[in-house]
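The structure under discussion appears below in the form of structure tokens.
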Amino acid sequence: MEQGVIDVESLAGGIDLQATVESGQSYLWDRDDGEMYQRDGATGGDAWYWTTVRRDGSPAVIRVRQRDGVLEWESTIDAKADLKRLLRLEDNLSAIRKTAPDDDVVQSAYDTFWGMRLVQDPPFGSLISFICSAQMRVARIHSMQQALRDAFGEEVEFDGRTYNAYPTPSALAETTEARLRDLGLGYRAPYVQRTAEMVATGEANPGEAVGLDYEDARESLTRFVGVGDKVADCVLLFSLDYLEAVPLDTWIRSTIEEYYPECERGNYTDTSRAIRTALGGEFAGYTQTYLFHYLRTGSNED
DNA sequence: TAGATACCTTATAG
DNA sequence: ACTATAAGGTATC
């Protein structure tokens, strides 16, 4: 086992590990007590490990916890570079916050979850996760990804336990809609199977969007089955490094209605442009994620 | 092109 | 206990 420590003081703006991995950006981390997402009010992040399995290259288990001012990690590999990418440890939170509007709701969201970072998930896992997210609660999206890993993911041994990597595109391409429905995916089952097929055959790959202008990248991702503008924005923001992407989900739509009514333009593209500008442009997605987590957890109702 | 509707399943509220 | 409702929407008509 390899292990290491990352000093929180060394990170610009620090980190809140629990908020980062439980805020509905990533569904690829498991809390070691198995109770992830069960109760939003529950805190105790100083005691919990979160574990993920990196799949590119050979599968590698990575687990990390935060306590006493450090991130402690243990892994089958030297995981420092992976953690830096997965948890966006090089983002300067203070600089990013300075780009956010000086509204009460935005500033309260930043205050409440200060240290929360965006994630940078592997593209395929992010794509499938957010296809599954349609009309779903955060806790169930997470359990669906666990089910996919348990059913189709490669096994990896670590520290006396067996973990499953996220399924490969071909593993999901080769299964059936019926099998995926049995796992509880509902009408998302054919979307997942057909999208996996597109990736497995080489017809399209989510990573290809990188390098395109933001709106072209979003359009490009909607080629996948089950991917509309909202899911495309999630993949851009939480996997492909487009920090300006603002997914227009039910929460941000109600935020627009209540706090930014002038940004409602009647269609996704124009409303997206308006709210993106209102939230500061370049890092608008960061602010969106703070708002989402703040409102979804009811932290504004105290 | 814009608008309405069906869609799986389950946790939660009443 | 039982029903209605909503959950980080998309595809189709």
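These figures come from a predicted structure and were not determined experimentally. Proteins get letters first, then strands, A, B, ... in listed order; numbering begins at 1 in each.
Here, B:dC8 and C:dT5 have their C1' atoms 15 Å apart, quoted to the whole Å. Atom C1' of B:dA6 sits at a distance of 16 Å from the matching atom of C:dA6, rounded to the whole Å. Comparing the same atom, P, in B:dA11 and in C:dT10 gives a spacing of 23 Å after rounding to whole Å. When the C1' atom is used for both C:dT12 and B:dA2, the distance is 14 Å, rounded to whole Å.
Annotation: side chain of A:Leu17 is not in contact with side chain of A:Tyr49 (no heavy-atom distance under 4.5 Å). For the pair A:Met144 and A:Met136, the minimum side-chain heavy-atom distance is below 4.5 Å.
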- request: Take nucleotides 2-8 of chain C nucleotide by nucleotide from the 5' end and write B, S or -, depending on whether a protein heavy atom sits under 4.0 Å from the base, only from the sugar-phosphate, or from neither.
  value: ----BBB

- request: Please step through side-chain hydrogen bond (donor to acceptor under 3.5 Å, both in side chains) for the pair A:Asp111 and A:Tyr290, ending with a clear verdict.
  value: CA-CA 9 Å; A:Asp111 285 341; A:Tyr290 271 90; over 6 Å; no

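Both key distances under 3.5 Å define a Watson-Crick or G-U pair, and stretches of 3 or more such consecutive pairs in DNA chain B run B:3-7 with C:9-13, B:9-14 with C:2-7.
Using a 4.0 Å heavy-atom criterion, one finds that A:Tyr268 contacts no nucleic acid atom at all.
Between the side chain of A:Tyr187 and the base of C:dG9, a donor-acceptor pair under 3.5 Å is found.
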Between protein and nucleotides 1-6 of chain B, what N or O pairs are separated by less than 3.5 Å?
none

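With values rounded to the nearest 0.5 angstrom, A:Glu258 atom CD is found 8.0 Å from A:Leu295 atom CG.
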